[in-house]
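For reference, the structure discussed in these notes is given below.
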Number of protein chains: 2
Amino acid sequence: MEITIGIVEDHSEFRNSLVFLISSFTAYQVVWAVGSVREAMDNKEPVDIILLDINLPNLSGIQGIPLFKAKFPGQKIIMLTIQDDEESILSAIKAGADGYILKKTSPQKILEAIQQVYEGGAALTPMVAKQVLALFKPKKAVKVTHTSLTPREKEILTLITQGMSTLVIAETLFISIQTVRNHIKSIYEKLHVHSKAHAVAIALKEKIV
Amino acid sequence: MEITIGIVEDHSEFRNSLVFLISSFTAYQVVWAVGSVREAMDNKEPVDIILLDINLPNLSGIQGIPLFKAKFPGQKIIMLTIQDDEESILSAIKAGADGYILKKTSPQKILEAIQQVYEGGAALTPMVAKQVLALFKPKKAVKVTHTSLTPREKEILTLITQGMSTLVIAETLFISIQTVRNHIKSIYEKLHVHSKAHAVAIALKEKIV
DNA sequence: AACAAAATAACCCAAATGGGTCATTGTGAG
DNA sequence: CTCACAATGACCCATTTGGGTTATTTTGTT
C-alpha cells in the first residue's frame, strides 16, 4: 500500500516539482496538492503525510498545524521551508510538527524524511537539529575571565560538578589524592572561593565547565 | 584533508567493526579507538569527531562529554548507543553532544551522521529526533522528584548554591547551626546526594532553585 | 640552556562536613 | 483529637575538607 501525501505550498512551481518528484516513486501517492491551508482543509481526504510550507497566504503553515491535527489526528506533518530561524522551528515543534526540513534539502533527503516520519520517527535536517539541540542548552553566559584555569584544573572542576569527592576524583584520574587537593586549592584561588559547593556554583553559573 | 575520528567503545568487537567500517573510506581517518574515557583523555590528540558510547566502565560517556569539550573545545561528539531512553538523550544533549544515534543504525547512516556533524549540523536518528521533539511538548508532573523539598529546605539549598557555609547560613537565618545541618541532611536524602557540591550541581542543573 | 608553568606528591593541623540518634514545638488535614 | 510533618535543637564520631608549606618532574617557551 502506498504512502499517501498531501502538499500545501503556494509557489506553484515548487509545488509541481514536489508532486513530480514524489509521484515518480510507486511507493508514494500524492493525493492532493494545494496552495493554502484553507484549500487543504476544504473537503480533502486524510493522508499519511502532509508537506506543509510555513510562508503561506492568510493562514501560515504553523497556524495550520493544529487545524490539521484536529481534523485528522493521525496525519503526520513535515514542515518544508526556507526559514531555519529559531522562532519558526520552535513554533512548529510546539505545534506538533513531526519533521522540519529545508527546501534546499536534496530530493533524496526529502523522500527519506517522508519515509522516516511514516515509520514513526521525526525528520530534522542536520542544521535544524543543531538548532533544536541548542534550545536545550542554557543561554550562553558571559564567560568573561576564569580562563586562567589550566586544563587539569578544568578537568577536576568538571568532576567536582558531577558530585565526586576528592578521593573518587583521585581514583578516577589515577593520581594521588594529595595532587587532586593541590589542584583544588589552585582552583579556589583562581575562582576566589573557599569550598567545593561555591566552586560548583561559580562553575555552573559562569559556564566555566 | 581527511576527517579525523576518535572512538570510545568498550565492546571491542563493535569497536573494531567501527574502525573497519570508517577506515574503508579514504575521507575518514580513525586516529584512535579506545575502551574508556580515561584512555581517551590520556595523551590522545584532538580529532574532528568523537564517537562516544554511553555505557562505559568507570566514567560514563555522558560524564565524559564535558571532559572532552574542556580539553579540546572544537571536537564534535556523537553519542553512539543502544539506549534511546529520554533520560540518556536529555543528559547527553544538555552535556553538549552534537549527535545521538543508535548502534543499530545502518553503517551508511553512521557515516552520514559523521559527515553531517563535521559540516556543522547535528545528527539524530529519526526515533531519537522524535523523542527530542516530544520534550518540547507540554507534559505534567515531571518535577515530582524535587518538589518534595520543603520551603525551608529550598531556602537553605539556595543559600548553599551561593557558596555559604553551614555556619553562615545559620547566622543568616537566625537559627542554630544544628538545625541547618539537619535540613541539609534532609536535602541530601531527597536529592540522593552526599555532599554540598553535588547538591549544588543537581540544584543548578535541574533548576530546582 | 634557562626559565616559567603545570602536574605531580607529601606533610601538618584546625575546621567543616556527613551520618547517626534523639527530642520538642507548632501546624494543618483528617 | 489524633497524626503526620515541618521546623527547631542537640549530641557523638569518623571522615573530609580547607589552608599552609615544601619539593620533584615534566613540558613548553624563549
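No experiment lies behind these values; they were computed from the predicted model shown.
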Under 4.5 Å between any side-chain heavy atoms of A/Val8 and A/Trp32, yes or no? yes

Please determine whether a side-chain nitrogen of the Lys or Arg among B/Arg15 and B/Asp53 lies less than 4.0 Å from a carboxylate oxygen of the Asp or Glu. no

Can you tell me the distance, in whole Å, between the [atom1] atom of [X] and the [atom2] atom of [N]?
X	N	atom1	atom2	answer
B/His194	D/dT17	NE2	P	13 Å
A/Gln178	D/dA23	CD	C1'	13 Å
B/Ile187	D/dT8	CD1	P	12 Å
A/Lys190	C/dA5	NZ	C1'	9 Å
B/Ile177	D/dT8	CD1	P	14 Å
A/Lys154	C/dA7	NZ	C1'	16 Å
B/Ile184	D/dG9	CD1	P	14 Å
B/Glu155	D/dA7	CD	C1'	12 Å

Does [N] have its OP1 or OP2 closer than 4.0 Å to a side-chain nitrogen or oxygen of [X]?
X	N	answer
B/Thr150	D/dA7	yes
A/Thr179	C/dA9	yes
B/Arg152	D/dT8	yes

To the nearest 0.5 Å, how far apart are [atom1] in [X] and [atom2] in [Y]?
X	Y	atom1	atom2	value
B/Gln63	A/Thr172	CD	OG1	8.0 Å
A/Leu59	A/Met41	CG	CE	9.0 Å
A/Ile54	A/Ile62	CD1	CD1	4.0 Å

Is B/Ser186 touching bases, backbone alone, or none of the nucleic acid, heavy atoms closer than 4.0 Å? nothing

Evaluate B/Lys196 against B/Thr166 for side chain to side chain donor-acceptor pair (under 3.5 Å), listing each step before the verdict. CA-CA 10 Å; B/Lys196 286 186 181 180; B/Thr166 306; 2.8 Å; yes

Measuring from the side chain of [X] (C-beta onward, heavy atoms only), which nucleotide among [options] has the closest atom?
X	options	answer
B/Tyr188	C/dG18, C/dT17, D/dT16	C/dG18
B/His183	C/dT8, D/dT8, C/dG19	D/dT8
B/Lys196	C/dT17, D/dA6, C/dC11	C/dT17

Test for a donor-acceptor pair under 3.5 Å between the base of D/dA7 and the side chain of B/Asn182, counting only N and O atoms. no

So for B/Lys185 and C/dG19, does any side-chain atom that can act as donor or acceptor lie under 3.5 Å from a complementary atom in the base? yes

Backbone N or O of B/Phe14 within a donor-acceptor pair of the B/Glu9 side chain at under 3.5 Å? no

Quick check on contacts: within residues 168-176 of chain B, what sits under 4.0 Å from DNA chain D by heavy-atom distance? B/Ile175, B/Ser176

